Every structure is written in structure tokens, then in C-alpha cells.
Amino acid sequence: MASTVLVITSLEDVTADWVIAALNERGVPVARVDPADIGVGLSFAARIGEGERPVWSGTVRTPIRTVELDEVAAVYYRRPTPYQGRFAHLPPQQRDFSVAEARHGLGGLLYALRGVRYVSHPAAIARADFKPAQLRRFAELGLTIPPTLITNDVAQAVKFAAHHGRIIYKTFRGLPPSENGYTGAIWAQPVDPSTFDDSIAVTAHLFQAEVPSVRNVRVTVVGDLVFAQTITAPRPYWTGAAVHPRPLRTPRPRCRAPSPPRSAPT
């Protein structure tokens, strides 16, 4: 019976380190791979259509582990290294081709293991990766969301601020690395509409009415299990501040969430 947990993430992922340590303590077979190691650091071979079972079978090898795909029971998909770095030394056309082939070949294989529990499946992560879709889904589920405006129209941004008073700005994605490789961040923060100008027209902006709060709660749901922590910080916006998370007991759910699919979508 399949029992291995395949952890797909980068070497620098500290959160995955903790999960792997916990799995080791429980005697659960676990293997860690970063698809961007493809080449000397990772080789693989998988076949289908040579037997009666309509599944991929084969192996993924790293310098220290060999993983039989038939033995994988669950995939913990975290933060694998982007393929672009692996092929950055190639000319642009070769780089882009190699990235696409690796993503659709190796990545497609790892995303199509049958009967495997994904936490979470990359397709599900991609669907949840867009804030407009997130907010619409929250509203559909009956959750209260703050009044929100997405726009590149400065007049609409000013009008929104005039109607709602204090507003905040959030980015849709993280700030990409600079040319010298350094990374930064733009935190969710209050904005002054008197500073708005025509630069808003350059790209999309997300504004929300400020929600006064004493503390924030971060909730993680795994299957039917709900884990919650209160987050306190020395300022109203805990993002980017020194935070102090504490476990929080959650109330009994009013409804049962649908179980996630055990295998990759078709």
C-alpha cells in the first residue's frame, strides 16, 4: 500500500522542514524534491500505456533518494523553486523552451498522480491565487468582506475614498526581485487619496475600506480540520510587523465543507 509523502518545495523552505520533521517522528516515509533541480540533481522516468493500469509508474531520483511513484500516497506542495533560475544560463529561446518542457513534463507528471492526496493541488492553488476570485467566493459563502475597489481610474479611486473614509491599498502579488537579486515587499497599508495621481492608470490597484480591529485571525483548513491563530502586532497592520501568533479555539462549524478531490483534476 502506498505510504510515502512527497514534499515538493525548495531547499530553503523552513515550514516544510518542520512538517518533514513531524512526519519522521511519526515514522511516515517522506521524500523531498525540488523540480527545478532537474538535471544532475534530479532525474526521472515514468511510463504509461504498457499495462492494464491507467496510471503513471516510474521513479524520481535525487542524489540521496529514489521515489517510486506507485508508493506516493500524498503530495505536500509548498514552494518549489521557479524553473527560470535553473535555465537562466541559456539563450532566451532555449531558456523559455526548457522551462516550458520541464513544467509540462516533470511538473505535469507530478501533478497527475492518481489516487494521491494533494495538499494542495497546484491547479487548486492557481484557482485560489487571484484576489478577485477569492473575494467573490468569500461573498458567495456568506462571509462579510470589506467594500473593495479594483481599478486603474484615479477618479474612481478618489470617489471610493470619499465614500468610505479611511481606505487601505493591497498588492495582488509580491514584489518581484530587483535586477541585483534583492527582494522587497509592499505591505497592506492606509493610503491618502490626496496623493493619488495619473500614475494609478499604469496598472491595476486594489483598495479596501479599512476594517478596525483589535487583532487578526489566520485560519488554515486541512480537510475537515480547522487551525486558527490570533495575530497581534504593535500596529494595526500586522503584515510586515513583528507578529506574535497564538493558538485559538474555533467555534463549531455551521456547515461541512466539501472534501477536496484525492486525485488530480482531469
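Every value quoted in this text rests on a predicted model; they were computed, and no experiment measured them. Reckoned from all heavy atoms, side chains included, excluding hydrogens, waters and symmetry mates.
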**Request:** Could you walk me through whether T15 and Y76 pass the side chain to side chain contact (heavy atoms under 4.5 Å, CB included) test, one step at a time?
**Result:** CA-CA 11 Å; T15 298; Y76 180 40; 4.0 Å; yes

Distance-only check: which donor-acceptor pairs under 3.5 Å involve side-chain atoms of residues 83-98, not counting sequence neighbours?
residue: R86; atom: NE; partner: I38; partner atom: O; Å: 2.6
residue: R86; atom: NH2; partner: I38; partner atom: O; Å: 3.1
residue: S98; atom: OG; partner: Q94; partner atom: O; Å: 2.9

**Prompt:** Looking only at side chains, do T148 and Q208 share a donor and an acceptor under 3.5 Å apart?
**Reply:** yes

**Item:** Flag, side chain of R65 to backbone of V30, donor-acceptor distance under 3.5 Å
**Value:** yes

**Item:** Nearest-0.5 Å distance that lies between atom CD1 in I200 and atom OG1 in T151
**Value:** 8.0 Å

**Item:** Qualifying residues under side chain to side chain contact (heavy atoms under 4.5 Å, CB included), relative to R79, sequence neighbours excluded
**Value:** T9, D13

**Asked** In the single-linkage hydrophobic clustering (I, L, V, M, F, W, Y; side-chain heavy atoms under 4.5 Å), do L149 and V158 co-cluster?
**Response** yes

**Heavy-atom donor-acceptor pair, Q134 side chain to A128 backbone, under 3.5 Å** = yes

**Asked** Rounded to the nearest 0.5 Å, how far does CZ of F207 lie from CZ of F160?
**Response** 9.0 Å

**Asked** How many angstroms lie between CZ in R114 and CD1 in I48, if you round to the nearest 0.5 Å?
**Response** 9.0 Å

**Item:** Interatomic spacing from CD1 in I186 to OG1 in T171 - rounded to 0.5 Å
**Value:** 6.0 Å

**Message:** Quick check against the 3.5 Å criterion: does H205 have a side-chain atom that pairs as donor or acceptor with the backbone of T203?
**Reply:** yes

**Item:** Hphob cluster co-occupancy, L42 + L11, side-chain heavy atoms under 4.5 angstrom
**Value:** no

**Message:** With a 4.5 Å cut-off on side-chain heavy atoms, are L6 and Y77 touching?
**Reply:** no

**Request:** Give a yes-or-no answer on whether the side chains of T81 and D34 include a donor-acceptor pair shorter than 3.5 Å.
**Result:** yes

**Message:** Please tell me whether D197 and S199 have a donor and an acceptor in their side chains that are separated by less than 3.5 angstrom.
**Reply:** yes

**Prompt:** Are F130 and F172 an aromatic pair by the rule of ring centers under 6.0 Å?
**Reply:** no

**Request:** For V217 and A228, work out which heavy atoms get closest and say how close.
**Result:** CG1-CB, 4.1 Å

**Option from V33, V67, T66 for which side chain to side chain contact (heavy atoms under 4.5 Å, CB included) with R61 holds** = T66

For residues 17-24, which side-chain N or O atoms pair as donor and acceptor with protein atoms under 3.5 Å away, sequence neighbours left out?
residue: D17; atom: OD1; partner: R32; partner atom: NH1; Å: 2.5
residue: D17; atom: OD1; partner: R32; partner atom: NH2; Å: 3.4
residue: N24; atom: ND2; partner: I20; partner atom: O; Å: 3.3

**Single-linkage hydrophobic cluster V5~L69, side-chain heavy atoms < 4.5 angstrom** = no

